[in-house]
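To start, the structure under review is shown below, and the notes come after it.
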There are 2 protein chains.
Amino acid sequence: MTVPLHFAVKTRLMELLDRLGEGAALPPERTLAKEFEVSRWTMRQAIRELTADGRLRARQGQGTFVATPKLIQPLALVSYTEALRAQGQVPGREVVRFDEVVADAVLAEKLGIAEGAPAYELERILFADEQPIGLETTYLAVSRFPTLREVLLPTGSLYRCLTDDLGVRFGEGEEIVETVMATPREAELLKATQSLPMLLLHRTSRDTDGKPIEAVRSLYRGDRVGFRATLRP
Amino acid sequence: MTVPLHFAVKTRLMELLDRLGEGAALPPERTLAKEFEVSRWTMRQAIRELTADGRLRARQGQGTFVATPKLIQPLALVSYTEALRAQGQVPGREVVRFDEVVADAVLAEKLGIAEGAPAYELERILFADEQPIGLETTYLAVSRFPTLREVLLPTGSLYRCLTDDLGVRFGEGEEIVETVMATPREAELLKATQSLPMLLLHRTSRDTDGKPIEAVRSLYRGDRVGFRATLRP
DNA sequence: AAGTGGTCTAGACCACTCC
DNA sequence: GAGTGGTCTAGACCACTTG
């Protein structure tokens, strides 16, 4: 056997998906396994890969469905709200946590504050058209934005608040992109099956004077989201 | 929601990895499964996630080992060769295919040529310190670079060849980043286990006059590589 | 030949959704 | 309660590497 069986199944399934339309329901796993004459484990392996690729969406208790194309987000210092609106999607946010933490050495260096100084930790779920697509944890120096708690609306845009209400002018930033597997907590918050590949982004951004603004850890559903970067030599 | 068993195993395994050093060998799956009192399937699920996260590397017939940290590559219009050297790694290339193909509508639009016009298809495996980390397929218009076959050395840098030998000046580009699962062929070329999450990049770049230079499809091992982008407002 | 990871089966039970 | 996807077991065989 050269090609693994589950991959041959994946290939045959893809043909089936092309015939079915977007949003169409796939037959149950057990039925498909019988039709393809493979075990349910093998069928699930094939379905699992197609799910990770963003071609299928499984919903427990309901069934498996043909997915819509991935959302492509800009990789730039722009507002999540405006970026989504530009693509005709309805943005949404839900605050999971808004605490103050003590900055450790790594965070303090990123925010340009002393180790042990207080920092906001703002964790939010990002939605597109009511569906959770990302989990964003933002760290900001309390000393720099002492009034943040008063001016930031729970469902408002953080970038708009920083620029319009607090006079921040974004300059340059750096972002590191990698793939990881979600933890059960993260998967639950994003209503994703466990063990789905995610896109993990680590961002630090500075204002036009070069002063640190924020450090951000963003986890996006790899099956639903991609990113677009503008390249320079 | 109770935590799946394989994830609890993953957490316990991570503690074990911290005690073992980089490059250390893990006990065999069957042994670990007995020690943790789980089935081999559950143990493999945990190992699979740690492998996808880049914490472990499995080698068939040999064993499973604690991995080294990911390589972070720049997301910019720069030479792969120089980017790798800047990080103290030894770059390498291997040409898999160097054909001429007929451009379909999508490719023709990207390259600024007529549909049906000939285009080079150059597929290469990218190595870092002798290990395959990426598979890059580059498309260029034959009409624009008629002498490419003569001036490009099999193990040479394409970017260096374009800039130094053919007088190309890179201007701006666009890159889309997403996660996918590798096909068996791709996994084999990258000497990766099948079904490992990969980073898929689609790049188009233009010269300083705005004329299209190349269209590139790059597939990088998600367990070994990450990317760094510079952000602007 | 022995030992390792890789694939696959058959079957069980759980968690969730909908009727 | 019925049907769906999600997790897990026990066991088998294959493919690869090393001695």
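Just so we're on the same page: letters track the sequence lines, and every chain starts at 1. Quick note: numbers below take in every heavy atom, side chains included, and nothing from hydrogens, waters or symmetry partners.
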## Note on the structure
Which of A/Thr137, A/Thr155, A/Leu135, A/Leu158 passes side chain to side chain contact (heavy atoms under 4.5 Å, CB included) with A/Arg124? It is A/Leu158
Rounded to the nearest Å, what distance is computed from the [atom1] atom of residue [X] to the [atom2] atom of nucleotide [N]?
| X | N | atom1 | atom2 | answer |
| --- | --- | --- | --- | --- |
| A/Lys34 | C/dG11 | NZ | C1' | 13 Å |
| B/Arg59 | C/dG3 | CZ | P | 20 Å |
| B/Arg57 | C/dT4 | CZ | P | 20 Å |
| A/Leu5 | D/dC14 | CG | P | 15 Å |
| B/Gln60 | C/dG5 | CD | P | 10 Å |
| A/His6 | C/dT9 | NE2 | P | 11 Å |

### Task
Would you check if the distance from the ring center of A/Tyr120 to the ring center of A/Tyr139 is below 6.0 Å?
no
### Task
Identify, between B/Thr31 and A/Arg30, the residue whose nearest nucleotide on DNA chain C lies closer to the 5' end.
B/Thr31
### Query
Does one side chain, of A/Glu178 or B/Tyr220, offer a donor that lies under 3.5 Å from an acceptor on the other?
no
### Message
Pairing donors with acceptors under 3.5 angstrom, does anything connect the side chains of A/Thr42 and A/Gln45?
### Response
no
#### Entry: Nucleic acid contacts - residues 36-55 of chain B versus DNA chain C, non-hydrogen atoms under 4.0 Å
B/Arg40, B/Arg44
### Nucleic acid contacts - residues 21-29 of chain A versus DNA chain D, non-hydrogen atoms under 4.0 Å
A/Pro28, A/Glu29
### Task
Kindly say if B/Gln62 contacts the phosphate of D/dT18, meaning a side-chain N or O under 4.0 Å from OP1 or OP2.
yes
Between [Y] and [X], is there a salt bridge with N-O shorter than 4.0 Å?
| X | Y | answer |
| --- | --- | --- |
| B/Arg228 | A/Glu174 | yes |
| B/Lys70 | B/Asp53 | no |
| B/Arg185 | B/Glu123 | yes |

### Ring-face cation contact, B/Phe65 with B/Arg59, 6.0 Å cut, 45° max
yes
### Message
In the structure I gave you, are the side-chain heavy atoms of B/Leu140 and B/Leu111 within less than 4.5 Å of one another anywhere?
### Response
no
